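Convention: sequence-line order gives letters A, B, ...; per-chain numbering from 1. We use all heavy atoms of the structure for the numbers below, so side chains are in, but hydrogens, waters and symmetry mates are not. Nothing here was measured: the structure is a model prediction, and the numbers come from that model.
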Amino acid sequence: EDQVTQSPEALRLQEGESSSLNCSYTVSGLRGLFWYRQDPGKGPEFLFTLYSAGEEKEKERLKATLTKKESFLHITAPKPEDSATYLCAVHHIRPLMAFYGGATNKLIFGTGTLLAVQP
Amino acid sequence: GAGVSQSPSNKVTEKGKDVELRCDPISGHTALYWYRQSLGQGLEFLIYFQGNSAPDKSGLPSDRFSAERTGGSVSTLTIQRTQQEDSAVYLCASSPRTISSYNSPLHFGNGTRLTVT
C-alpha cells in the first residue's frame with residue numbers, strides 16, 4: 001500500500017540546536033517529493049520539491065535531501081520562527097499506468113512533524 | 001498577487017444540514033484540488049479538477065460529498081446531510097499545471113473549518 005510516514009511526530013529544540021526531520025515513503029514509482037510548512041490556522045506553504053535520489057535543495061536554515069526510500073529536512077541553527085508543522089507529500093505513478101508513464105493526479109501526505117523551537 | 005481564497009473560514013452546522021464551501025483559486029491556475037485535514041490525520045485527497053477534463057472524484061468519502069468547478073475557476077464543495085465525522089478543515093489548492101509537470105507545486109488556501117454539532 002502506498003504510504004508516507006513522518007518522524008518524529010513532535011520535536012522540541014532549543015534555539016540554535018540543529019536537527020533533522022524524516023519522511024519515509026513506500027510508493028511505486030516516485031515522481032516528486034514535496035515539503036510544506038503549516039502554521040496554526042493556515043494552509044500548507046510550499047517549501048521544496050525533490051525529483052531524484054541525491055538531489056538537495058536549500059532555503060535559509062532549511063535543507064531537503066532525497067534518497068530512494070526517504071527524505072530528510074535538515075534544520076540548521078533553528079530560530080523560534082521556524083516553529084510549525086512540517087508536512088511531506090509524494091507524487092507517484094499508478095502501478096497499472098507505469099507502462100504508459102501515467103502519474104496520479106494527487107499528492108499523498110504524511111501526518112507531519114510538529115516542531116517547536118524554544119528561545 | 002492574491003493567493004487561494006476560501007470561504008467561509010469557519011462554519012458551524014447542525015447534523016443533517018447541507019453545507020457549501022467555496023474556493024477561489026489563483027487566477028490562471030488550471031488545476032484545483034480539495035483536501036480534508038482532520039485532527040491528527042494527514043491531508044486526505046477528495047477531488048481534483050484539471051481544465052475541462054472530467055474530475056478525479058476517487059477521494060470523495062461518500063455520495064453525500066460533491067464538488068463542481070464553474071468556468072474553470074471558482075469551485076464549490078457541497079456536503080449533504082452532514083454528520084459529526086465530517087468535522088474537519090477543508091483545504092483547497094490550485095496549481096498552474098498538473099503536478100505531473102515539473103515545478104508545479106500546489107498552492108493552498110487557509111481552509112474552512114467545519115464543525116458539525
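At most 12 heavy atoms of other shown residues, nucleotides or ligands fall within 6.0 angstrom of atom CD in E14(B). Residue-environment remark: CZ (R64(B)) exceeds the threshold of 12 foreign heavy atoms within 6.0 Å.
Cluster annotation: I79(B) and L32(B) are assigned to the same hydrophobic cluster (Ile/Leu/Val/Met/Phe/Trp/Tyr, side-chain heavy-atom contacts under 4.5 Å, transitive). Residues L62(A) and L13(A) fall within the same hydrophobic cluster, defined by Ile, Leu, Val, Met, Phe, Trp and Tyr side chains chained together at heavy-atom separations under 4.5 Å. Y48(B) and L46(B) fall into different hydrophobic clusters, where Ile, Leu, Val, Met, Phe, Trp and Tyr are joined by side-chain heavy atoms under 4.5 Å apart, directly or via other members. Taking hydrophobic clusters as Ile, Leu, Val, Met, Phe, Trp and Tyr residues chained together by side-chain heavy-atom distances below 4.5 Å, Y25(A) shares a cluster with I108(A). Clustering ILVMFWY residues whenever any of their side-chain heavy atoms sit less than 4.5 angstrom apart, transitively, puts F72(A) in a cluster other than the one holding L114(A).
Scanning all heavy atoms of the two residues, the minimum distance from Y36(A) to L106(B) falls at OH-O, 2.9 Å. Minimum interatomic distance between K106(A) and Y33(B) (heavy atoms only, all atoms of both residues): CA-CE2, 4.1 Å. The two residues G42(B) and T111(A) make their nearest non-hydrogen contact at N-CG2, 3.5 Å.
Of all residues spanning residues 109-117 of chain B, those with a heavy atom less than 4.5 Å away from chain A's heavy atoms are G109(B), N110(B), arranged by number.
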Output side-chain donor-acceptor pairs under 3.5 Å for residues 16-25 of chain B, partner residues at least two apart or in another chain, one line each.
from: D18(B); atom 1: OD1; to: R81(B); atom 2: N; distance (Å): 2.8
from: R22(B); atom 1: NE; to: D24(B); atom 2: OD2; distance (Å): 2.8
from: R22(B); atom 1: NH2; to: D24(B); atom 2: OD1; distance (Å): 3.2
from: R22(B); atom 1: NH2; to: D24(B); atom 2: OD2; distance (Å): 3.4

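Interface residue L43(B): backbone and side-chain heavy atoms are both found under 4.5 Å from chain A. Residue L87(A) touches chain B through its side chain alone, counting heavy-atom pairs closer than 4.5 Å. Heavy atoms of Q6(A) lying under 4.5 Å from chain B are absent altogether.
Chain A forms the most heavy-atom pairs under 4.5 Å with one residue out of Q37(B), Q41(B), H107(B), and that residue is Q37(B). Interface remark: of the candidates G110(A), G112(A), G43(A), G32(A), G43(A) forms the most heavy-atom pairs closer than 4.5 Å to chain B.
By the ring pair (Phe, Tyr, Trp, His ring centres under 6.0 Å) test, F65(B) pairs with no residue at all, sequence neighbours left out. Among residues two or more places apart in sequence or in another chain, the side chain to side chain donor-acceptor pair (under 3.5 Å) test is passed with N10(B) by none.
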